[in-house]
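The structure appears below as structure tokens.
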Amino acid sequence: MEEIIFRISMNIVIGGCFGRAAVATALGVRTFANRRRFITLRMGWVERIVTPEPLLLGGVTWILLREIDWEDAGRAEVAAAVVGAALVLGGLALVLWAWLSWRGLFFGHGLVSGQQLVTTGAYGFVRHPAYACAVLMWVGLGFGSLNAIALLLAVVYVIPAYVLYVRSEEEMMVEAFEEEYTRYRKAVPMIVPRLRARRAVQPDAEGSPRR
């Protein structure tokens, strides 16, 4: 039974990380191919640091896949795999919710003509659900495989890089949406969600909520 649980859990971890790496890379390619549609598209040093992260996730996942001992997992390995799978599933659920909340999801920092601030759905739960997904994936991969290198990459590269990435994006968002984004930022947490966020939107002149 423990072997079955281990196999299922590690398949979720490996499959989820491969899936996220593939989708994020595809979004990056599509964003670059359609860059002319953006009125603003940032590509500073912060964005350049984060850009290879999905490819790195895929590469590290591939290496760990080749090192997994599928036949001889002890209780500690099984427990770690279950926790890792839960983190990866949480990340996948969060990014799927983000896409359902805003179908215009893309990779990078940009604004298209007529873009509005989305504060509902996943974006009413946490300001950057896609970036929270990236962190959950790396921690889930490292913990699920009990691999110190993957966990170290999460701590020294992924988390600091995405904190800088968020700050760069939010500078752009404040410039674009001004007080509306300032209110939103005060009401909704950045990456680590509260169980219940304060209401982020304010009624407009006609009394209807703004997005």
Side-chain angles (χ1 to χ4, degrees), residues 16-62 91-138 153 157-191 200-202 204-205 208-211:
C17 288
F18 272 140
R20 190 256 165 185
V23 170
T25 300
L27 283 176
V29 171
R30 189 182 73 172
T31 299
F32 180 77
N34 297 324
R35 61 191 181 278
R36 295 183 183 275
R37 75 186 182 97
F38 292 91
I39 57 174
T40 299
L41 186 61
R42 287 195 174 191
M43 187 48 73
W45 66 270
V46 172
E47 286 76 17
R48 293 178 190 275
I49 287 173
V50 172
T51 295
E53 178 271 319
L55 291 175
L56 182 61
L57 176 64
V60 172
T61 302
W62 173 253
L92 292 174
L94 192 56
V95 78
L96 177 61
W97 189 17
W99 180 75
L100 292 173
S101 303
W102 182 48
R103 301 296 177 91
L105 194 65
F106 57 86
F107 187 91
H109 291 161
L111 293 167
V112 297
S113 179
Q115 183 173 329
Q116 295 181 314
L117 179 63
V118 180
T119 61
T120 57
Y123 295 91
F125 184 64
V126 65
R127 296 201 304 272
H128 302 280
Y131 307 158
C133 169
V135 172
L136 286 171
M137 288 288 173
W138 276 96
L153 282 170
Y157 166 58
V158 177
I159 295 174
Y162 271 104
V163 168
L164 294 173
Y165 199 60
V166 164
R167 290 178 179 174
S168 177
E169 179 174 313
E170 295 201 335
E171 287 177 3
M172 179 186 70
M173 299 298 281
V174 169
E175 290 174 4
F177 297 103
E178 300 177 340
E179 183 61 27
E180 184 180 10
Y181 193 82
T182 300
R183 290 197 304 268
Y184 170 63
R185 186 162 59 176
K186 290 179 180 178
V188 178
M190 183 175 71
I191 289 180
V201 293
Q202 298 292 335
D204 61 19
S208 58
R210 300 174 65 190
R211 290 190 63 190

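In this chain, numbering begins with 1 at the start of the sequence shown.
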> For L92 and M137, what are the C-alpha separation, side-chain angles and deciding distance, and is it a side-chain contact (heavy atoms from CB on, under 4.5 Å)?
Replying inline: CA-CA 8 Å; L92 292 174; M137 288 288 173; 3.1 Å; yes
> How many angstroms lie between atom CG of L94 and atom CZ of F125, to the nearest 0.5 angstrom?
Replying inline: 7.0 Å
>> Applying salt bridge (charged side-chain N to carboxylate O under 4.0 Å, His left out) to E53 and R20, what does each step give before you reach the verdict?
In response: CA-CA 11 Å; E53 178 271 319; R20 190 256 165 185; 2.5 Å; yes
>> Using a 3.5 Å distance criterion without hydrogens, assess whether the side chain of T119 forms a donor-acceptor pair with backbone atoms of G124.
In response: no
>> Would you say that more than 12 heavy atoms from the other residues, nucleotides or ligands in this model lie under 6.0 Å from the CZ of R103, or not?
In response: yes
> So how far is it from E178 CD to L117 CG, rounded to the nearest 0.5 Å?
Replying inline: 12.0 Å
> Hey, would you say the Y123 and H128 ring centroids sit under 6.0 Å apart?
Replying inline: no
> Between E169 and Y131, does a side-chain hydrogen bond (donor to acceptor under 3.5 Å, both in side chains) hold up when you go through it step by step?
Replying inline: CA-CA 11 Å; E169 179 174 313; Y131 307 158; 2.3 Å; yes
> With the threshold set at 4.0 Å, does a side-chain nitrogen-carboxylate oxygen contact exist between R127 and E170?
Replying inline: yes
> How long is the gap from OG1 on T25 to CG on L55, to the nearest 0.5 Å?
Replying inline: 4.0 Å
> Can L27 and F32 be said to form a side-chain contact (heavy atoms from CB on, under 4.5 Å), step by step?
Replying inline: CA-CA 9 Å; L27 283 176; F32 180 77; over 6 Å; no
>> Do F38 and F106 make a side-chain contact, defined as non-hydrogen atoms from C-beta onward lying under 4.5 Å apart?
In response: yes
> Does CZ belonging to R167 count more than 12 external heavy atoms closer than 6.0 Å?
Replying inline: no
> Given side chains that start at C-beta, do those of V126 and M190 come closer than 4.5 Å, heavy atoms only?
Replying inline: no
>> I'd like to know if the side chain of Q115 reaches the main chain of V112, judged simply by a donor and an acceptor atom lying under 3.5 Å from each other, with no hydrogens or angles considered.
In response: yes
> Are the ring centres of W138 and Y157 closer than 6.0 Å?
Replying inline: no
>> How long is the straight-line distance from SG of C17 back to CG of L136, given to the nearest 0.5 Å?
In response: 10.5 Å
> Which class fits the ring pair F18 and W62: parallel under 30°, tilted 30 to 60°, perpendicular over 60°?
Replying inline: tilted
> Can we say R185 and E180 salt-bridge, meaning some charged N sits less than 4.0 Å from an Asp/Glu carboxylate O?
Replying inline: no
